[in-house]
Amino acid sequence: MFPVARPRRLRYNPVLREMVRETALSVADLIYPLFVTFGANIKKPIESMPGCFNESIDVIAQSAREIHALGIPAVILFGLPLHKDEKASGAYDPDGVVQRAVKEIKNAVPELLVITDVCLCEYTSHGHCGILQNGQILNDPTLELLAQTAVSHVRAGADMPAPSDMMDGRVMAIRRALDSEGFSSIPIMSYAVKYASAFYGPFREAVASAPASGDRKSHQMDPANRREAIKEAAFDIEEGADILMVKPALSYLDIISDVKHAFNCPVAAYNVSGEYAMVAAGASRGWIDYEKVMMEILISIKRAGADLILTYHAKDAAKILNR
Ligand code: PBG
């Protein structure tokens, strides 16, 4: 007790402060999201996500080289198809936008780990994450298409599919399909605990994937639920997930912590588009310090228990960490 105990003793000296620091953020923790599109020489800014772009396949290798040069070990790919239809055919087309981008990136920078988002919402005409019948998403018929999508990504050279759809049983369906195609050594990063969040707004603008009607509450989780996160994560582990993801990150630090403590596996957190947009908007007005707020957010996600962080800040953070 005071005056014997004085916590400030460990804070006066910057060297000592660094020695007793409990959490470290490393460039090796970061995963950078990329939005790929068809066309030539396209690098179209995403308005609500300053510094992020829709990039065509022919320019994606250049971005991949830049990301790799910063020491960022991995990217996650999202695709904008030419055509959308009821069956999301663009998602599992062997010549689809993600499949072609994967090949391009792996050719240019083989060491860069390529993760692919597996969901149908970017590819369906109605913007829902699965096969629709009378306004309802059919769970089991959707699994077949998700499995085909994951297999097609891996055939193109992807290192790790990441199912983000929140259908029941999708990890098992993808695991079985990969195994039967000879890809038993390919890991799955599951968006295990994904909330029905308004923080995905800017992303849906970026890939034009907002549902034409309704919302995603019949499959994504209620933000009020905590216990249910453990149930979702446990199912995914039993079904064969290798890495568990929590999404979004910032409003769900308690969930990251719970999942980290409950399971003996790496945990990833997705610092989503709306979280990024808020920081970028505040900083552009001069109301907050972009670099300091960004680093504080990233360390808080790490401190909560995330081993890996998917973030649009990855390049900016890497530049700071590499200084
Ligand atoms: C689904 C998917 C979404 C995000 C990642 N994968 C959108 C959604 O569920 O509506 C959101 C990512 C972000 O907001 O940064 N394909």
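Just so you know, ligand 1 is whichever comes first in the structure, and atom 1 is the first atom listed for that ligand.
- Nearest non-hydrogen protein atom to atom 14 (O) of ligand 1 is S273 OG, 2.7 Å.
- When all heavy atoms are compared, the tightest approach of Q99 to P94 is CB-O, 3.3 Å.
- Nearest to atom 2 (C) of ligand 1 by heavy-atom distance, out of H219, M166, K194, is K194.
- For atom 11 (C) of ligand 1, the closest non-hydrogen atom of the protein is K247 NZ, 2.9 Å.
- Two rings, from F35 and F53, have their centers 6.0 Å or more apart.
- Contacts of D117 with ligand 1, taken as heavy-atom pairs under 4.0 Å, involve the side chain alone.
- The closest approach between a heavy atom of Y276 and any atom of ligand 1 is not below 4.0 Å.
- Interface atoms of ligand 1 facing C121, defined by a heavy-atom separation under 4.0 Å, are 1 (C), 16 (N).
- Taking every non-hydrogen atom of Q220 and a distance limit under 4.0 Å, the qualifying atoms of ligand 1 come out as 8 (C), 9 (O).
- Residue-to-ligand polar distances keep S209 apart from ligand 1: every N/O pair is separated by 3.5 Å or more.
- At the top of the distance list for atom 16 (N) of ligand 1, counting protein heavy atoms only, stands E122 OE2, 2.8 Å.
- If you number the atoms of ligand 1 from 1 as listed, the ones under 4.0 Å from a heavy atom of R204 come out as 8 (C), 9 (O), 10 (O).
- The closest protein non-hydrogen atom to atom 15 (O) of ligand 1 is Y312 OH, 2.6 Å.
- The closest side-chain heavy-atom distance from M295 to Y290 is not below 4.5 Å.
- Using a 4.5 Å cut-off between side-chain heavy atoms of Ile, Leu, Val, Met, Phe, Trp and Tyr, Y92 falls into a hydrophobic cluster with V118, L120, I131, L132, I137, L138, L143, L145, L146, V151, V154, M167, V171, I174, L178, F183, I186, I188.
- Under the 30°/60° scheme for interplanar angles, the aromatic rings of Y252 and Y195 are found to lie parallel.
- Note: F203 and F78 meet the aromatic proximity criterion, with ring centroids under 6.0 Å apart.
- Here side-chain hydrogen bond (donor to acceptor under 3.5 Å, both in side chains) pairs that include residues 201-213, with residues two or more places apart or in two chains, are S48-E205.
- F38 and V207 fall within a single hydrophobic cluster, where Ile, Leu, Val, Met, Phe, Trp and Tyr side chains are chained together by heavy-atom contacts under 4.5 Å.
- With ligand atoms numbered from 1 in the order given, ligand 1 contributes 1 (C), 2 (C), 6 (N), 16 (N) to contacts under 4.0 Å with heavy atoms of S164.
- Grouping the Ile, Leu, Val, Met, Phe, Trp and Tyr side chains by contacts below 4.5 angstrom, directly or via other members, places I297 with L253.
- Residue contact check: Y270 has heavy atoms under 4.0 Å from atoms 12 (C), 15 (O) of ligand 1.
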